[in-house]
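Some notes on the structure that comes next.
In what follows, chains are A, B, ... by sequence order, proteins preceding strands, each numbered from 1. Here the structure is a predicted model, which is why all the values come from computation and not from measurement.
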Protein chains: 2
Amino acid sequence: MAQKSISHERQNAICRMIKAGEVFDVSRLAKKFNVSDMTIHRDLNKLQNQGHITRTHGGVMPAERMEFEFDFAARRSANKKAKNAIAKKALEFIKPGSKIIIDTGTTTLELAYLLKDFSDLTVITPSLAVASILQFSAGVQTVLLGGILRKGSPDLTGVVAEKVLDMFMVDLAFQGADGIGLNGELFNADMRIAKVDQKIRRRAQKTYILSDSSKIGRTDLASNGTLSEAEAFITDSNITKERMAELEKTGTKIIICKI
Amino acid sequence: MAQKSISHERQNAICRMIKAGEVFDVSRLAKKFNVSDMTIHRDLNKLQNQGHITRTHGGVMPAERMEFEFDFAARRSANKKAKNAIAKKALEFIKPGSKIIIDTGTTTLELAYLLKDFSDLTVITPSLAVASILQFSAGVQTVLLGGILRKGSPDLTGVVAEKVLDMFMVDLAFQGADGIGLNGELFNADMRIAKVDQKIRRRAQKTYILSDSSKIGRTDLASNGTLSEAEAFITDSNITKERMAELEKTGTKIIICKI
DNA sequence: ATACAAAAATAACATATTATAACATTATTG
DNA sequence: CAATAATGTTATAATATGTTATTTTTGTAT
């Protein structure tokens, strides 16, 4: 076998140069090393086969680290401040050792960010967004519900998700809502999510509904139940007194947090 | 804007510029990169297909989306060419309308890339990597198994994953192996994956084992069964005649693809 | 609304560029 | 000096780009 042959040296050099971020085309490299284009092609193919670089028609790039992106249509996340305050309040109810469900939604996503540094926690979630936030948290074990991955949506739904929920019983669940009627009715923009939301409440000892006050008095496509099924409703201090009174008629405990 | 750029570089640059909020029309971009309008149209269509931008008549906008990254320790994958050839061979067995399972592994990941443009297909997978590749494919419905998300690993395993598998019965399954003994024994580097692999074979009418020839004659931590349980074993032409003869003694159909 | 003109996007084809395959040639090694 | 690997040469294939004609969208005036 050839020992440190010239070709091997050249390939290493090419590899280093490319990884250093320099942009080359084949003929430039050929001139630089004083060999034919074909030789460079062969070098690049070898390096690619070894997984060091990625070739494109007319170019070379360093092989990207394997990372997988899930892109999702971003719902305009308004009221960030309120959502963050609500999440902070919700955090108070979580004790070390808890098993919890974090549902889909932007408010619950805020809660996930706060859980990153938590220790000794098991989180079950239908949201890939939540899972991606918690994937590296040393103290948090994440269980992803299975299910159908809808295009442009970061949530797992369907029969599978519901069946998987049946396998668990948790201490606490945190869920949002796209709308909350003045009679306490909870709404989702998506029917499939509504079904999962219902199920989640049945698999948790206590459910907290997290929603900023702007959602109150709004309805949406799918009703999934009422506030009275929940342990409490956490919202921000922009809620009007009238609406608060209305909602309290339903017997729901309402927790207000200042923003 | 002086010289011509490599297509891939140009597309990346365009994508970055648009995401940076700069608004461009096609002819401006064409001038900037010194290419024809048509080329820019093609670039933009490609970027739109990948879900990075949104085109409007006469303009371009950044796609409003959240990106969630799942980062995993990047095993750099060797023998890319062999893996790709094997995946292409496997593709021949998939018919429109099929329901299939794509297991974890780098060879099966190659197969996932080839399935992107397939129409009318249902893919069930325990691999977030596979799911991320197929998330935008119009013709492919993706079902993610649930389960525990291990840190630094893109695969869902555990009781949940196994239970979810029980909910399905598919036409075909494609799985890799970290090692294949000369007696046909199949090995995984991870015990949890081994269990899921076993289960997968039971939920598919036919299972194809995909593995480049370098894995033959190697063992690893966990045995998960034997080749004889599979419909066929697809590998590359670098397999030696002796080893092929050995493996054929097990009664396994071996499909060789040239690289 | 309807018709029309202007702008933009697409389709179809032609051209140019880049990559691969097959074979010939040259080094290199044991 | 044979055997093997590396390189070069040429022909062919694949891909990207450019050009032009046609269709779609958009805006405007009727």
In whole Å, I'd like the distance from the CZ atom of B:Arg42 to the P atom of C:dA12. 13 Å

Is A:Asn45 touching bases, backbone alone, or none of the nucleic acid, heavy atoms closer than 4.0 Å? sugar-phosphate

From CG of A:Leu29 over to C1' of C:dT18, roughly how many Å is that when rounded to an integer? 14 Å

Whole Å only: how far is the NE2 atom of A:His41 from the P atom of C:dT20? 7 Å

Find the distance A:Asp25:CG to D:dT17:P and express it as a whole number of Å. 14 Å

Evaluate the side-chain proximity of B:Thr252 to B:Leu247: yes if any heavy-atom separation is below 4.5 Å, no if none is. no

Give the nucleotide from the list C:dT20, D:dT19, D:dA6 with an atom nearest to the side chain of A:Ser7. D:dA6

Under 4.0 Å: is that the gap between some side-chain N or O of A:Arg10 and OP1 or OP2 of D:dT7? yes

Roughly how far, to the nearest 0.5 Å, is CE of A:Met17 from CD1 of A:Ile53? 11.5 Å

Phosphate oxygens OP1/OP2 of D:dG18: is one of them under 4.0 Å from a side-chain N or O of B:Ser36? yes

Ignoring backbone atoms, establish whether B:Arg55 has a side-chain N or O less than 4.0 Å from OP1 or OP2 of C:dT10. yes

Hey, what do you get for CD (B:Glu248) to CZ (B:Phe233), rounding to the nearest 0.5 Å? 11.0 Å

Indicate yes or no: at least one non-hydrogen side-chain atom of B:Leu145 is less than 4.5 angstrom from one of B:Leu165. yes

Of the options D:dT7, C:dT10, D:dG18, whose atoms approach the side-chain atoms of B:Val35 most closely? D:dG18

State, to the nearest 10°, the angle formed by the axis through the first five base pairs of the helix from C:dA1-D:dT30 to C:dG30-D:dC1 and the axis through its last five. 30°

Heavy-atom donor-acceptor pair, B:Asp212 side chain to B:Lys83 backbone, under 3.5 Å: no

Report the distance from atom CD1 of B:Ile53 to atom P of C:dA9, rounded to the nearest whole Å. 11 Å

B:Lys81 NZ to C:dA19 C1', straight-line distance once rounded to whole Å: 11 Å

Can you tell me if A:His52 and A:Arg16 form a side-chain donor-acceptor pair at under 3.5 Å? no

Looking at A:His57, does any N or O in its side chain come under 4.0 Å of the phosphate oxygens OP1/OP2 on C:dT18? no

How close or far is atom P of C:dT20 from atom CD1 of A:Ile40, stated in whole angstroms? 14 Å

Starting at CG of A:Asp37 and ending at C1' of C:dT18, how long is that distance when rounded to a whole Å? 9 Å

Should the heavy atoms of other residues, nucleotides or ligands under 6.0 Å from CE of A:Met191 be counted, would the total exceed 12? no

